[in-house]
Amino acid sequence: NAGVMQNPRHLVRRRGQEARLRCSPMKGHSHVYWYRQLPEEGLKFMVYLQKENIIDESGMPKERFSAEFPKEGPSILRIQQVVRGDSAAYFCASSPQSTGNSPLHFGNGTRLTVT
Amino acid sequence: QQQVKQSPQSLIVQKGGIPIINCAYENTAFDYFPWYQQFPGKGPALLIAIRPDVSEKKEGRFTISFNKSAKQFSLHIMDSQPGDSATYFCAASETGANNLFFGTGTRLTVIP
(Lines give C-alpha, C1' and ligand atoms only; values in the text may rest on other atoms or scores of the structure.)
Protein backbone atom coordinates (compact mmCIF):
# COMPACT_ATOMS: atom_id res chain seq x y z
CA ASN A 1 0.00 0.00 0.00
CA ALA A 2 1.86 3.07 -1.25
CA GLY A 3 0.07 5.64 0.89
CA VAL A 4 1.50 8.92 2.13
CA MET A 5 4.50 8.10 4.29
CA GLN A 6 5.65 10.42 7.04
CA ASN A 7 8.61 10.04 9.33
CA PRO A 8 9.43 10.13 12.05
CA ARG A 9 6.12 9.32 13.75
CA HIS A 10 7.27 10.97 16.95
CA LEU A 11 9.97 13.58 17.39
CA VAL A 12 11.17 15.12 20.61
CA ARG A 13 13.31 18.24 20.49
CA ARG A 14 14.63 20.63 23.11
CA ARG A 15 13.93 24.32 22.74
CA GLY A 16 16.33 25.85 20.24
CA GLN A 17 16.97 22.65 18.28
CA GLU A 18 15.92 22.00 14.71
CA ALA A 19 13.13 19.66 13.65
CA ARG A 20 13.00 18.00 10.24
CA LEU A 21 9.82 16.26 9.17
CA ARG A 22 9.71 14.13 6.04
CA CYS A 23 6.88 13.23 3.72
CA SER A 24 6.78 10.93 0.71
CA PRO A 25 3.56 11.44 -1.28
CA MET A 26 1.47 8.70 -2.78
CA LYS A 27 2.80 7.27 -6.00
CA GLY A 28 1.72 9.43 -8.91
CA HIS A 29 0.92 12.45 -6.73
CA SER A 30 2.85 15.61 -7.43
CA HIS A 31 1.00 17.97 -5.07
CA VAL A 32 2.03 18.04 -1.40
CA TYR A 33 0.41 19.94 1.44
CA TRP A 34 1.49 20.38 5.04
CA TYR A 35 -1.05 20.93 7.82
CA ARG A 36 -0.61 21.49 11.54
CA GLN A 37 -3.01 20.15 14.14
CA LEU A 38 -3.00 21.49 17.66
CA PRO A 39 -4.75 19.51 20.44
CA GLU A 40 -8.55 19.75 20.22
CA GLU A 41 -8.33 21.82 17.05
CA GLY A 42 -8.80 21.23 13.38
CA LEU A 43 -6.06 21.15 10.80
CA LYS A 44 -4.54 24.43 9.72
CA PHE A 45 -3.02 24.78 6.28
CA MET A 46 0.66 25.67 6.22
CA VAL A 47 2.09 25.24 2.74
CA TYR A 48 1.41 23.75 -0.68
CA LEU A 49 4.23 22.51 -2.89
CA GLN A 50 4.76 20.88 -6.22
CA LYS A 51 8.06 19.39 -7.29
CA GLU A 52 10.78 22.00 -6.75
CA ASN A 53 8.24 24.80 -6.27
CA ILE A 54 6.47 26.39 -3.34
CA ILE A 55 3.04 27.31 -4.66
CA ASP A 56 1.39 28.74 -1.56
CA GLU A 57 3.01 29.32 1.82
CA SER A 58 0.36 31.66 3.17
CA GLY A 59 -0.13 29.48 6.28
CA MET A 60 3.52 29.26 7.23
CA PRO A 61 4.84 31.32 10.13
CA LYS A 62 7.13 34.02 8.75
CA GLU A 63 10.16 32.91 10.73
CA ARG A 64 11.84 29.60 11.55
CA PHE A 65 9.63 27.49 9.26
CA SER A 66 10.54 26.39 5.76
CA ALA A 67 9.49 23.67 3.36
CA GLU A 68 10.85 22.07 0.24
CA PHE A 69 9.91 19.37 -2.23
CA PRO A 70 13.03 18.56 -4.25
CA LYS A 71 13.09 16.88 -7.62
CA GLU A 72 14.29 13.69 -5.95
CA GLY A 73 13.32 12.59 -2.48
CA PRO A 74 10.65 13.46 0.06
CA SER A 75 9.18 16.79 0.97
CA ILE A 76 10.76 18.29 4.08
CA LEU A 77 9.20 20.61 6.63
CA ARG A 78 11.94 22.26 8.65
CA ILE A 79 11.48 24.12 11.90
CA GLN A 80 14.50 25.95 13.22
CA GLN A 81 15.03 26.95 16.84
CA VAL A 82 11.89 25.18 18.01
CA VAL A 83 9.81 26.62 20.83
CA ARG A 84 7.20 24.95 23.07
CA GLY A 85 4.40 26.41 20.97
CA ASP A 86 5.59 24.36 17.99
CA SER A 87 4.48 21.17 19.75
CA ALA A 88 1.75 19.74 17.54
CA ALA A 89 0.94 17.01 15.07
CA TYR A 90 2.12 17.83 11.56
CA PHE A 91 0.33 16.13 8.73
CA CYS A 92 1.36 15.85 5.14
CA ALA A 93 -1.17 15.22 2.40
CA SER A 94 -0.87 14.60 -1.30
CA SER A 95 -3.15 14.72 -4.29
CA PRO A 96 -2.84 14.16 -8.03
CA GLN A 97 -4.31 17.63 -8.69
CA SER A 98 -4.76 20.85 -6.74
CA THR A 99 -7.12 20.66 -3.77
CA GLY A 100 -10.23 22.15 -5.31
CA ASN A 101 -10.58 19.28 -7.74
CA SER A 102 -9.48 16.18 -5.90
CA PRO A 103 -9.38 14.76 -2.39
CA LEU A 104 -6.39 14.94 -0.10
CA HIS A 105 -4.73 11.76 1.10
CA PHE A 106 -3.12 12.23 4.49
CA GLY A 107 -0.21 10.51 6.15
CA ASN A 108 -0.33 9.45 9.79
CA GLY A 109 1.52 12.55 10.91
CA THR A 110 4.59 13.44 12.91
CA ARG A 111 3.96 14.33 16.51
CA LEU A 112 6.48 16.93 17.57
CA THR A 113 7.09 17.53 21.24
CA VAL A 114 9.31 20.41 22.30
CA THR A 115 10.66 20.13 25.83
CA GLN B 1 -10.87 33.60 11.48
CA GLN B 2 -12.54 30.22 11.32
CA GLN B 3 -13.76 29.74 7.75
CA VAL B 4 -15.79 26.67 8.62
CA LYS B 5 -17.67 26.42 11.93
CA GLN B 6 -18.41 22.94 13.22
CA SER B 7 -20.63 21.69 16.02
CA PRO B 8 -20.96 19.98 18.39
CA GLN B 9 -17.46 19.62 19.77
CA SER B 10 -18.29 16.17 21.13
CA LEU B 11 -21.15 13.74 20.80
CA ILE B 12 -22.10 10.52 22.57
CA VAL B 13 -24.74 8.20 21.13
CA GLN B 14 -25.92 4.67 21.76
CA LYS B 15 -25.22 1.99 19.19
CA GLY B 16 -27.83 2.21 16.45
CA GLY B 17 -28.40 5.94 17.01
CA ILE B 18 -28.02 8.60 14.32
CA PRO B 19 -25.39 11.19 15.25
CA ILE B 20 -25.62 14.44 13.32
CA ILE B 21 -22.69 16.82 12.92
CA ASN B 22 -23.24 20.30 11.56
CA CYS B 23 -21.03 22.75 9.71
CA ALA B 24 -21.54 26.28 8.43
CA TYR B 25 -19.50 28.49 6.14
CA GLU B 26 -19.52 32.07 4.87
CA ASN B 27 -17.51 32.01 1.65
CA THR B 28 -20.00 31.50 -1.18
CA ALA B 29 -17.13 30.60 -3.50
CA PHE B 30 -16.68 27.28 -1.69
CA ASP B 31 -17.81 24.48 -3.98
CA TYR B 32 -16.31 21.32 -2.48
CA PHE B 33 -17.29 20.00 0.94
CA PRO B 34 -15.58 16.85 2.17
CA TRP B 35 -15.84 15.08 5.50
CA TYR B 36 -12.83 13.38 7.06
CA GLN B 37 -12.69 10.71 9.74
CA GLN B 38 -9.72 10.52 12.06
CA PHE B 39 -8.87 7.74 14.50
CA PRO B 40 -6.40 8.34 17.35
CA GLY B 41 -2.82 8.28 16.15
CA LYS B 42 -3.84 8.30 12.48
CA GLY B 43 -4.19 10.89 9.78
CA PRO B 44 -7.60 12.06 8.57
CA ALA B 45 -9.18 9.87 5.91
CA LEU B 46 -11.73 11.07 3.38
CA LEU B 47 -15.17 9.71 4.20
CA ILE B 48 -17.54 11.38 1.78
CA ALA B 49 -17.72 14.66 -0.15
CA ILE B 50 -20.39 16.76 -1.80
CA ARG B 51 -20.59 19.60 -4.31
CA PRO B 52 -23.33 22.25 -4.16
CA ASP B 53 -25.20 21.00 -7.21
CA VAL B 54 -26.90 18.33 -5.05
CA SER B 55 -28.68 18.59 -1.71
CA GLU B 56 -27.86 15.13 -0.43
CA LYS B 57 -25.31 12.40 -0.98
CA LYS B 58 -25.31 8.97 0.57
CA GLU B 59 -22.52 6.42 0.79
CA GLY B 60 -23.32 3.38 2.86
CA ARG B 61 -24.37 4.52 6.33
CA PHE B 62 -23.00 8.05 5.83
CA THR B 63 -25.14 10.84 4.40
CA ILE B 64 -24.29 14.48 3.73
CA SER B 65 -27.12 17.00 3.63
CA PHE B 66 -26.35 20.32 1.97
CA ASN B 67 -28.31 23.56 2.24
CA LYS B 68 -26.82 26.06 -0.17
CA SER B 69 -29.05 29.00 0.79
CA ALA B 70 -28.26 28.58 4.48
CA LYS B 71 -24.61 27.82 3.75
CA GLN B 72 -24.76 24.76 5.96
CA PHE B 73 -24.02 21.09 5.56
CA SER B 74 -24.23 18.16 7.89
CA LEU B 75 -23.13 14.56 8.28
CA HIS B 76 -25.54 11.87 9.43
CA ILE B 77 -24.36 8.40 10.42
CA MET B 78 -27.12 5.82 10.22
CA ASP B 79 -27.15 2.80 12.53
CA SER B 80 -23.99 4.00 14.26
CA GLN B 81 -21.54 1.40 15.54
CA PRO B 82 -18.80 1.50 18.20
CA GLY B 83 -16.28 1.31 15.35
CA ASP B 84 -17.53 4.70 14.17
CA SER B 85 -16.07 6.28 17.32
CA ALA B 86 -13.60 8.81 15.94
CA THR B 87 -13.14 12.50 15.34
CA TYR B 88 -14.96 13.88 12.32
CA PHE B 89 -13.90 16.99 10.46
CA CYS B 90 -15.85 18.91 7.88
CA ALA B 91 -13.94 20.99 5.36
CA ALA B 92 -14.50 23.33 2.44
CA SER B 93 -12.59 24.66 -0.52
CA GLU B 94 -13.14 26.30 -3.86
CA THR B 95 -12.04 25.09 -7.27
CA GLY B 96 -8.55 26.30 -8.02
CA ALA B 97 -7.74 27.10 -4.42
CA ASN B 98 -4.67 25.72 -2.76
CA ASN B 99 -6.02 24.51 0.51
CA LEU B 100 -8.89 23.02 2.42
CA PHE B 101 -10.37 24.90 5.37
CA PHE B 102 -11.20 22.51 8.17
CA GLY B 103 -13.72 22.72 10.98
CA THR B 104 -12.51 22.19 14.53
CA GLY B 105 -13.72 18.60 14.69
CA THR B 106 -16.37 16.56 16.51
CA ARG B 107 -15.33 13.72 18.75
CA LEU B 108 -17.96 11.00 18.38
CA THR B 109 -18.32 8.18 20.88
CA VAL B 110 -20.73 5.34 20.12
CA ILE B 111 -21.59 3.36 23.21
CA PRO B 112 -22.20 -0.39 22.70
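Sequence lines set the chain letters: A, B, ... in the order given, protein chains first and strands last, and positions in each chain run from 1.
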Using a cut-off of 6.0 Å, state whether more than 12 heavy atoms not belonging to A:Q81 lie near its atom CD.
-> no

If one checks every heavy atom of A:Q37 against chain B at 4.5 Å, the contacting part turns out to be side chain

Going hydrophobic residue to hydrophobic residue with side-chain gaps under 4.5 angstrom, can you get from B:L47 over to B:V110?
-> yes

Which atoms of B:Y36 approach chain A - backbone, side chain, both or neither, heavy atom under 4.5 Å | side chain

Should B:Y32 and A:I55 be regarded as members of a common hydrophobic cluster, given that ILVMFWY residues are connected when their side-chain heavy atoms come within less than 4.5 Å of each other, either directly or indirectly?
-> yes

Tell me, for B:Q38 versus chain A, whether the close heavy atoms (under 4.5 Å) come from the side chain, the backbone, both or neither.
-> side chain

Taking heavy atoms only and a threshold strictly under 4.5 Å, list by residue number the residues of residues 108-115 of chain A that touch chain B; give 'none' if the list is empty.
-> A:N108, A:R111

B:L75-B:F66 co-clustered via ILVMFWY side chain contacts under 4.5 Å | yes

Name the option with the most non-hydrogen atom pairs under 4.5 Å to chain A; the candidates are B:P34, B:A45, B:G41.
-> B:G41

Would you mind checking which part of B:P44 comes under 4.5 Å of any heavy atom in chain A, side chain (CB onward), backbone (N, CA, C, O), both or neither?
-> both

For the hydrophobic clusters of this structure (ILVMFWY residues joined by side-chain heavy atoms under 4.5 Å, transitively), does one cluster hold both B:V4 and B:L11?
-> yes

Please check if atom NZ in A:K51 has more than 12 non-hydrogen atoms from other residues, nucleotides or ligands closer than 6.0 Å.
-> yes

Does A:R78 have any side chain to side chain donor-acceptor pair (under 3.5 Å) partners at least two apart in sequence or in another chain, and if so, which?
-> A:E18

Qualifying disulfide (SG to SG under 2.5 Å) pairs with a residue from residues 11-94 of chain A, counting only residues at least two apart or across chains | A:C23-A:C92

Answer with yes or no whether the hydrophobic clustering places B:F102 together with A:L38; edges join I, L, V, M, F, W, Y residues whose side-chain heavy atoms lie under 4.5 Å apart.
-> no

Has A:R15 got more than 12 heavy atoms of other residues, nucleotides or ligands less than 6.0 Å from its CZ?
-> no

Spacing of CG belonging to A:L104 relative to CG belonging to B:L100, to within rounding of 0.5 Å | 5.0 Å

Is atom NZ of A:K44 surrounded by more than 12 heavy atoms (other residues, nucleotides or ligands) closer than 6.0 Å?
-> yes

Within a radius of less than 6.0 Å around CD of B:E59, do more than 12 heavy atoms belonging to other residues, nucleotides or ligands occur?
-> yes

For chain A, find its close neighbours in residues 81-90 of chain B: heavy-atom separation under 4.5 Å, sorted by number, or none.
-> B:F89

